[in-house]
K.L.:
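Once you've had a glance at the structure underneath, I'll fire off some questions.
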Amino acid sequence: MSCGFFAYVGCYTTAERQAHGRGINVYHVNDAFTEWKHLQNMPTPDNPSFLSLDRSGNYLCAVHGDRNHISSYAINHQNGVLQHRSGVECGGRNPVHLVFDTTNRFIAIPNYADGTLTSVSFDAENGMLGAITSSAILPGERGPHRIEQQSSHPHGVTFDPAECFLYVPDKGLDRIFVYRFQGGHFRIIDSISTREGAGPRHIVFHPAKPYAYVINELDCTVTYYRHDSETGHLTPQQIVQALPENYTGNGRGAEIALSPDAKSVLVSLRGADLMSVLSIDDNTGMILLTQSIGSGGRTPRFFTVVVPTSTVLIAHEASDTIGRVAFTTQGLDVTGVEHCVNVASPSSIVLRPAAAQPA
């Protein structure tokens with residue numbers, strides 16, 4: 001019998017972000033995500049804006065947006081609460097994402113402000129962070145946007161399904177970089193140009209097909225690439241607008257994920273405050289915009305798809321809410337996004353199955 005989940009919510013905290021979050025909030029939630037019980041507010045340095053579990057699920061790490069810091073926390077398996085373990089400088093300004101390598105001994109971090117990719121060591125036995133082991137500068141010419149493409153701005157780090165290659169979309173350079181990430185060191189393999197001014201942000205891979213999809217932040221498009229698992233190369237096939245035809249306002253692409261059945265691409269769009277669904281042709285990988293609905297709040301910076309329950313949880317940074325919507329074979333539930341909980345300036349949600357309570 002399921003015991004629900006522990007939910008860890010990162011946030012922005014600083015005035016420069018017009019934010020008023022506070023640390024990492026910990027909740028116990030039921031399987032339907034209708035009951036959120038607040039367990040803890042874990043004090044942290046500024047802006048614990050992106051969170052990730054290590055590969056054992058025993059530790060939670062946070063990068064601290066607009067700063068130069070990464071921190072780690074031990075998870076109590078019984079009650080879900082956090083205990084601070086360590087904090088170190090991450091080697092670059094404004095870290096925005098993180099991923100653990102296949103050995104769970106090193107963490108890759110893209111640093112948005114200074115265009116670097118860094119690695120820090122991690123002791124999976126005790127959750128302690130260590131020294132910076134590698135740093136790479138992402139090369140290339142900046143994109144045409146006068147404000148948001150003044151230099152390299154890497155925004156994500158994602159492994160392909162076989163975990164052979166690490167992919168780094170660079171919003172500032174309109175490029176996607178491909179690296180080997182082994183032993184805490186980076187070796188560049190490839191660099192793929194995107195549409196000028198697109199601003200690639202995050203990438204997802206189909207679990208069984210050679211398809212990869214990128215959300216482009218600046219022009220709100222999704223690009224489909226054929227993925228070569230042997231070389232790591234991405235070959236562009238198609239680019240599709242993620243905003244509906246009748247939307248004429250401003251927007252920014254934010255998050256991207258596959259649906260639980262891997263038959264659709266889901267994206268969130270800030271400014272427009274929409275969730276869009278693009279269906280995937282199983283035989284070709286081509287995509288078609290099939291649905292856009294209101295996200296249920298302002299600035300849907302992040303969402304996560306809870307595969308066992310086909311639930312999508314959406315963090316609305318500007319309206320201080322987390323919402324939920326069901327995903328069915330027809331797409332997102334057209335009855336709309338339901339409110340889950342109020343939490344200040346949320347920017348990331350991580351779930352961990354809750355342990356059974358002792359009798």
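Only this structure's heavy atoms are used, side chains among them; waters, hydrogens and symmetry mates stay out.
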K.L.:
Could you tell me if T223 and N216 have a donor-acceptor pair between their side chains, going purely by distance under 3.5 Å?
P.N.:
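There is such a pair between these side chains.
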K.L.:
Would you compute the distance between atom CG of L166 and atom CD1 of I189 and round it to the nearest 0.5 angstrom?
P.N.:
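One gets 11.0 Å once the value is rounded to the nearest 0.5 Å.
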K.L.:
Indicate yes or no: at least one non-hydrogen side-chain atom of L138 is less than 4.5 angstrom from one of Y179.
P.N.:
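The answer is yes, as the side chains (C-beta and beyond) meet within the 4.5 Å cut-off.
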K.L.:
Check whether the side chains of T321 and S319 place a donor and an acceptor atom closer than 3.5 Å, and report yes or no.
P.N.:
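Yes, S319 and T321 have a side-chain donor paired with an acceptor closer than 3.5 Å.
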K.L.:
Minimum heavy-atom separation for H20 and S345, please, with both atom names.
P.N.:
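For H20 versus S345, the nearest heavy atoms are N-OG, 3.1 Å.
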K.L.:
Hey, could you give me the CG/CG distance between N25 and N41, rounded to the nearest 0.5 Å?
P.N.:
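The CG atom of N41 is 4.5 Å from CG of N25, to the nearest 0.5 Å.
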K.L.:
Describe, in one word, how the ring planes of F186 and F181 are oriented to each other, choosing from parallel (under 30°), tilted (30 to 60°) and perpendicular (over 60°).
P.N.:
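Because their plane-to-plane angle is under 30°, the rings of F186 and F181 count as parallel.
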K.L.:
Between the side chain of Y12 and the main-chain N/O of A15, is any donor-acceptor distance below 3.5 Å?
P.N.:
no
K.L.:
Starting from the C-alpha separation in whole Å, work towards a yes-or-no answer on side chain to side chain contact (heavy atoms under 4.5 Å, CB included) for E217 and R270.
P.N.:
CA-CA 9 Å; E217 177 175 334; R270 295 171 295 175; 3.2 Å; yes
K.L.:
Are R142 and S152 close enough that some pair of their side-chain heavy atoms sits under 4.5 Å apart?
P.N.:
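Heavy-atom side-chain distance check fails, nothing below 4.5 Å.
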K.L.:
Any side-chain heavy atom of S86 sitting closer than 4.5 Å to one from S72?
P.N.:
yes
K.L.:
Between S295 and H316, do the side chains contain a donor N or O and an acceptor N or O under 3.5 Å apart?
P.N.:
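Side-chain D/A pair, H316 to S295: present.
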K.L.:
Near E163 CD, under 6.0 Å, is it more than 12 heavy atoms from other residues, nucleotides or ligands?
P.N.:
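Count over threshold, so yes.
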K.L.:
Considering only NZ, NE, NH1 and NH2 on the basic side and carboxylate oxygens on the acidic side, decide whether E16 and R67 come within less than 4.0 Å.
P.N.:
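Looking at R67 together with E16, the answer is yes, because their closest N to O distance falls below 4.0 Å.
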K.L.:
Only one of N58, V81, L53 passes side chain to side chain contact (heavy atoms under 4.5 Å, CB included) with I75; say which it is.
P.N.:
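Of the listed options, the one satisfying the test is L53.
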K.L.:
Can you give me the closest heavy-atom contact between I176 and P200, atom names plus distance?
P.N.:
CG1-CB, 4.3 Å
K.L.:
Can you find a side-chain donor-acceptor pair between T311 and R324 that sits under 3.5 Å?
P.N.:
no
K.L.:
For the NZ atom on K263, are there more than 12 heavy atoms of other groups (residues, nucleotides or ligands in this structure) within a distance under 6.0 Å?
P.N.:
no
K.L.:
Could you please spell out the steps behind the side chain to side chain contact (heavy atoms under 4.5 Å, CB included) verdict for L218 and Q149?
P.N.:
CA-CA 10 Å; L218 298 181; Q149 292 186 308; 3.6 Å; yes
K.L.:
Is it the case that atom CZ in R195 sees more than 12 heavy atoms from other parts of the structure closer than 6.0 Å?
P.N.:
no
K.L.:
Verify whether one side chain among N47 and R17 offers a donor that lies under 3.5 Å from an acceptor in the other.
P.N.:
no
K.L.:
Once rounded to the nearest 0.5 Å, what's the spacing between atom CZ of R298 and atom CG of D320?
P.N.:
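With rounding to 0.5 Å, CZ (R298) is 7.5 Å from CG (D320).
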K.L.:
Could you tell me if H233 and D228 have a donor-acceptor pair between their side chains, going purely by distance under 3.5 Å?
P.N.:
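Their side chains do not contain a donor-acceptor pair, so the 3.5 Å distance test is not met.
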K.L.:
Using a cut-off of 6.0 Å, state whether more than 12 heavy atoms not belonging to E89 lie near its atom CD.
P.N.:
no
K.L.:
Got a salt bridge between R252 and E317, using NZ or NE/NH1/NH2 to carboxylate O under 4.0 Å?
P.N.:
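No, R252 and E317 are not salt-bridged.
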K.L.:
Between F165 and Y167, what is the ring plane arrangement, given parallel below 30°, perpendicular above 60°, and tilted in between?
P.N.:
perpendicular
K.L.:
Please determine, by modelled atom types, if H64 and S71 share a side-chain donor-acceptor pair under 3.5 angstrom.
P.N.:
yes
K.L.:
Take the angle between the ring planes of W36 and F33 and call it parallel below 30°, perpendicular above 60°, tilted in between.
P.N.:
tilted
K.L.:
Is a donor on one side and an acceptor on the other found under 3.5 Å between the side chain of Y213 and the backbone of L266?
P.N.:
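A pair under 3.5 Å: no.
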K.L.:
Is a side-chain donor or acceptor of Q291 paired with a backbone partner of L332 at a separation under 3.5 angstrom?
P.N.:
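Answer holds: yes.
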K.L.:
Any side-chain to backbone donor/acceptor pair from D174 onto G197? Under 3.5 Å, distance only.
P.N.:
yes
K.L.:
Parallel, tilted or perpendicular for Y112 and H153, by the 30°/60° rule?
P.N.:
parallel
K.L.:
Are T194 and P169 close enough that some pair of their side-chain heavy atoms sits under 4.5 Å apart?
P.N.:
no
K.L.:
Nearest 0.5 Å please: distance from the CG atom of N111 over to the CG atom of L117.
P.N.:
7.5 Å
K.L.:
Students often mix this up, so state it plainly: with edges at 30° and 60°, are the rings of F122 and F100 parallel, tilted or perpendicular?
P.N.:
perpendicular
K.L.:
Are the side chains of T158 and H202 in touch, meaning some heavy atoms are under 4.5 Å apart?
P.N.:
no
K.L.:
So does R352 have more than 12 non-hydrogen atoms from other groups sitting under 6.0 Å from CZ?
P.N.:
yes
K.L.:
At what distance, to the nearest 0.5 angstrom, does CD1 of I107 lie from OG of S119?
P.N.:
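If we round to the nearest 0.5 Å, I107:CD1 and S119:OG are 8.0 Å apart.
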K.L.:
Considering residues, nucleotides and ligands other than R105, do more than 12 of their heavy atoms fall under 6.0 Å from its CZ?
P.N.:
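It does not: R105 CZ has 12 such atoms or fewer within range.
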K.L.:
Please examine the side chains of H155 and H97, heavy atoms only from C-beta on, and report whether any two atoms are closer than 4.5 Å.
P.N.:
no
K.L.:
Do D190 and T231 make a side-chain contact, defined as non-hydrogen atoms from C-beta onward lying under 4.5 Å apart?
P.N.:
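Heavy-atom side-chain distance check fails, nothing below 4.5 Å.
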K.L.:
Does R187 CZ have over 12 foreign heavy atoms under 6.0 Å away?
P.N.:
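Atom CZ in R187 is not packed in, count stays at 12 or less.
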K.L.:
Rounded to the nearest 0.5 Å, how far apart are OG of S49 and CG of D66?
P.N.:
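It is 7.5 Å, given to the nearest 0.5 Å.
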K.L.:
Taking all heavy atoms of D170 and all of L173, pick out the closest pair and write down the distance.
P.N.:
OD1-N, 3.0 Å
